[in-house]
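See below for the structure under consideration.
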Amino acid sequence: MTAAAPPSIMGDLGTLRLEYRSNKAALLARLGLQGSSTRGVRKALQELSRLTDQTLRELWSLAGFGPGFSLVAVGGYGRGELFPFSDVDVLVLLPDGSQPDADAALKSRLEAFIGGCWDLGLEIGSSVRTIGDCVYEASKDVTVQTSLLECRLIAGSKNAFARLVSDLGEAMDPKAFFVAKTLEMRQRHTKFENTPYSLEPNCKESPGGLRDLQIILWVSKAAGLGRSWDELARKGLATPLEARQIKANEALLSLIRARLHLLANRREDRLVFDLQTAVAESFGFKAQVPAVITPGEPGMPHVAPTARGTRRASEALMKRYYWAAKAVTQLNQILLLNIQERLRSDVAGVDRLRPLNERFFDKAGTLEVASDNLYVQQPHAILETFHLYQTTVGIKGLSARTLRALYNARPVMNARFRADPVNRALFLKILQEPEGITHAIRLMNQTSVLGRYLWVFRHIVGQMQHDLFHVYTVDQHILMVLRNVRRFFIAEHSHEYPFCSQLAAGWDKPWIFYIAAIFHDIAKGRGGDHSELGAHDVRVFCRQHGIAREDCKLIEFLVAEHLTMSRMAQKEDLSDPDVIAAFARRVGNERYLTALYLLTVADIRGTSPKVWNAWKGKLLEDLYRYTLRALGGRAPDPGAVIEGRKREALSMLALHALPHQAHKALWDTLDVSYFMRHQADEIAWHTRVLTRQIAQSAAHLAKNPLPAPVEGAPPAIDKCIVRARLSPEGEGLQVLVYAPDQHDLFARICGYFDSSHFSILDARVHTTRDGHALDTFQVVAPSLSEHYRELIAMVENNLAHTIDERGPLPTPTKGRLSRRVKSFPVTPRVDLRPDEKAQRWLLSVSASDRAGLLYGITRVLARNDISVQLAKITTLGERVEDTFLISGAQLQMNKRQIEIETELLETLEG
């Protein structure tokens, strides 16, 4: 059929545009003023859809399509709910045999209609097909099939639309569709790292988002099992409680998504940092100190509010979001398993049940309860579920019936349940089993059992951490640390961290670490020192669970001190015997030291994939080994240590056939601090590189003696030496700089690394007796090229050229701040104080990271004639915590000291 030429519709578009935009603005204003109530969100989205329907009908009428044509809503718009800036997906259904490309009049009519939609401000996603085309495309692409599954007639031929629905229904294979959609869901979850706890979740696509609810209705509709939550409840696929929970969480997620659209003024489904606070405030959330936790629950201390624990408005919103996403994840799993069982039973019959005991069955590899009310009648069976899952060979998960029974048994898990001696013994038994601990505890958290048994854990479920280096919520971080420490005790993972696995192999009670891991951050967000509060919590737990006094003391120590070893390794001078002696006194004995080392490694690795690196691993291992020697009664003897390193370095040098006593010229210029701060292999490398240069310079000066310096003239300057090699730690480069000393040398080197996009992890600065700087840097590039030799050559040539150029220091570049830093800024902090011997000064700075920051700090120091002797650069996500050991006459004057601190703060603030 060929359509007649379209009438002119341009004259009517102006009026229609004004009317549509005015009505839409009124609807959106109402949607934006609803506060935190979700009651009217669905109605508002439906009204927006109806307004769009009405506008499209008028455009359709103006376009003048003849009989046999239909306008059909598909996709999300087909559900009859439209978000403020979502695409309006429509299908123009053509009569059979229509060919727009061959029919100029029809093509002109279609272009006029679609163009009119865009002119009105409708973001149209359009397709133009016949019924046969639709069925064919749906058979090839499950995305098209899904979009057409939700089709809805807007205008045009009812008969054509009815034929479309009928033909699509006949072509539908519910089982194949179910498989395709579940596989698609897994791929989508993998894209979002299989967690609903992303710090910037997509409230539509992330696990636990709206898409996870939509997939349930898609597969149930395809199978003819129901089109709404109430219908699924009537057919026994969902309980009335589950239907209510789904509706409530769907409304919350919908309102968040709608507010995101309104605040961004475009389609935005991600809760990005930039918008979290604004969305939170639109819900009425405000920054506040944490509420007082009143006594009444076993193990719950009374915690007074404190300004230090102020909770952000965005944190309150995100916690509410995470709880909703977690509930959606649970309900999605239950309902999809129910639908799958219904589809399978149509053909295969009921799965055979293998009895495990009188309460549980093995149902095709899943754990099945014997009755729906098992947990209500026998609450002890709740924790038994996870013990069986952990210990029964072949059990890979929980059945839909078991998941539903757990979900409905939440009221049973009360204070009496937590205080039951049988439950306490069984929970401890789960932690003490030789295998399956991580899987069991993760499943307990996914099913909300962990937070109901450990009430203190419940408070940190879904709690964000605004410290710019944790990428997980507190509960997920704790589970990551549990997983990490557990892997130290599994032989198959010994290749990951061999030294940790070696230490763990000799440990008699691994469960001590598991309890410490669960409690180490459990008090986050309450205000006050979370390490102290967590130590109190774990002491109560140990007493309630009958843990021996000695074991309890160790666990409490680990929770209280879990940050100490990391701080010592990354901020203190480990070559100082007093630092090691003080730490040895703090840990007390080898058992406590080993336990703290293993927990610290697991904790750092559990914050973010970007935080751990080989250099931090080396610092921790060095601190462990030095402290172990001190605990063994071998107090550090600087003289013996130095002689040992010298002997070892000479043995290495012998392999390179250096002339006898060739090292002496260099070593005579070096003092005790150099040999204390460098390992034998570094001393050998420095000596091998520099000995030849020193000999050549001496020979040159013998033949060409320098004239006596004129009084007041600068000293004669020779060229600097820069050498680089792959780091012995297996990550980045180690760079040696040997040059005539100058007050701005350290700043100049930092400026080069900054401009070349290298990150400095560590710097050891030494001045020889003959006035040369001998500095060693540990640096990493964004990506270490496979052609590392070229990279090394570039560093050696360019850095040497930068140092030899002299001249004034260039102005630091103003690096751009990341979105995360802008949303969660770090208050700059400068701490300048004398060291314990009052000979040098310790400078600690903390600030948001940005390009040029380290160079800016060192430039201030150089401008004030302050020498840097040691630098420890710690980057924690988007935050830096740097420590410098410095000296300079300016620091002895209080007024100058304040001025220098002020300059540093201005630099940190950017």
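None of the values given here were measured: they were computed from a predicted structure. No hydrogens, no waters, no symmetry mates; every other heavy atom, side chains included, goes into these values.
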* To do: Go through the steps for Val579 and Met568 under the test side-chain contact (heavy atoms from CB on, under 4.5 Å), then give the verdict.
  => CA-CA 8 Å; Val579 169; Met568 293 285 294; 3.7 Å; yes
Taking [X] for its side chain and [Y] for its backbone only, find out whether a donor-acceptor pair lies under 3.5 Å.
X	Y	result
Asn613	Lys616	yes
Arg723	Val689	no
Thr607	Ile604	yes
Thr691	Arg688	no
Arg764	Arg677	yes
Arg645	Phe675	yes
Glu796	Ala724	yes
Thr858	Tyr855	yes
Asp671	Ser673	yes

With the side chain counted from C-beta on, respond yes when [X] and [Y] share a heavy-atom pair under 4.5 Å apart, and no when they do not.
X	Y	value
Asp775	Leu745	yes
Leu842	Leu832	no
Leu596	Phe557	yes
Val860	Ile866	no
Asp882	Leu853	no
Ser727	Leu733	no
Phe777	Asp762	no
Leu666	Thr669	yes

* **Spatial distance of atom CD1 (Ile683) from atom CG (Leu670) [nearest 0.5 Å]** =>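 Ile683 atom CD1 to Leu670 atom CG measures 8.5 Å (nearest 0.5 Å).
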* To do: Begin with the C-alpha distance, continue with both residues' side-chain angles, and end with the deciding distance and a verdict on side-chain contact (heavy atoms from CB on, under 4.5 Å) for Arg586 and Thr564.
  => CA-CA 10 Å; Arg586 188 159 186 166; Thr564 302; 3.8 Å; yes
* Any cation-pi pair here, Arg725 with Trp685, using under 6.0 Å and within 45°? ->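 Pair Arg725/Trp685 counts as cation-pi.
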* Asked: Is NZ or CZ of Lys872 both nearer than 6.0 Å to the six-membered ring centre of Phe884 and within 45° of the ring axis?
  ->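 Ring-cation test returns no.
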[X] and [Y] ion-paired at < 4.0 Å:
X	Y	value
Glu881	Arg567	no
Asp603	Arg605	no
Arg625	Asp622	no

* To do: If the plane angle is over 60° it's perpendicular, under 30° parallel, otherwise tilted; pick one for Tyr624 and Phe499.
  =>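 Ring orientation of Tyr624 relative to Phe499: perpendicular.
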Least distance between heavy atoms, [X] atom then [Y] atom:
X	Y	answer
Phe753	Ile760	CD1-CD1, 3.8 Å
Tyr592	Val587	CB-O, 3.3 Å
Leu554	Ala595	CD1-CB, 4.1 Å
Ala523	His530	CB-O, 3.5 Å
Gln897	Leu891	NE2-O, 3.3 Å
Cys720	Asp804	N-OD1, 3.5 Å

* To do: Scan Val735, Leu799, Val795 and name whichever one has a side-chain contact (heavy atoms from CB on, under 4.5 Å) with Phe758.
  =>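 Filter result, single survivor: Val795.
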* To do: Inspect the surroundings of CD in Glu590 and state if more than 12 heavy atoms from other residues, nucleotides or ligands are less than 6.0 Å away.
  =>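 Check fails, neighbour count at 12 or below.
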* To do: Check whether the side chains of Ser887 and Gln869 place a donor and an acceptor atom closer than 3.5 Å, and report yes or no.
  =>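 Yes, because at least one side-chain N or O of Ser887 sits under 3.5 Å from a partner of the opposite role on Gln869.
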* For the residue pair Glu906 and Thr902, confirm or rule out a side-chain donor-acceptor distance under 3.5 Å. =>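 On atom types as modelled, these side chains do not qualify, holding no pair under 3.5 Å.
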* To do: Sort and list the pairs that fulfil side chain to side chain donor-acceptor pair (under 3.5 Å) and have at least one residue in residues 741-755, not counting sequence neighbours.
  =>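 Sorted result for residues 741-755: Gln742-Arg806, Asp744-Arg748.
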* To do: Could you walk me through whether His772 and His766 pass side chain to side chain donor-acceptor pair (under 3.5 Å), step by step?
  => CA-CA 8 Å; His772 281 77; His766 185 77; over 6 Å; no
* Asked: Are Asn589 and Leu631 close enough, and set up right, to give a side-chain contact (heavy atoms from CB on, under 4.5 Å), and what steps lead you there?
  -> CA-CA 6 Å; Asn589 58 59; Leu631 290 170; 5.5 Å; no
* To do: Given side-chain contact (heavy atoms from CB on, under 4.5 Å), test Leu593 with Leu628 step by step and report yes or no.
  => CA-CA 8 Å; Leu593 172 66; Leu628 187 62; 4.1 Å; yes
* Asked: Checking salt bridge (Lys or Arg N to Asp or Glu O under 4.0 Å) for the pair Glu899/Arg896: CA distance, chi angles, key distance, verdict?
  -> CA-CA 5 Å; Glu899 290 173 352; Arg896 287 294 298 128; 2.3 Å; yes
* **Audit row: Thr776, Gln734, side chain to side chain donor-acceptor pair (under 3.5 Å) steps and yes/no** => CA-CA 7 Å; Thr776 311; Gln734 196 172 51; over 6 Å; no
* Asked: Stepwise, does the ring pair (Phe, Tyr, Trp, His ring centres under 6.0 Å) test hold for Trp667 with Tyr674?
  -> CA-CA 10 Å; Trp667 286 15; Tyr674 169 83; 8.5 Å; no
* **His663/His686 under side chain to side chain donor-acceptor pair (under 3.5 Å): CA gap, chis, key distance, verdict** => CA-CA 10 Å; His663 64 281; His686 293 174; over 6 Å; no
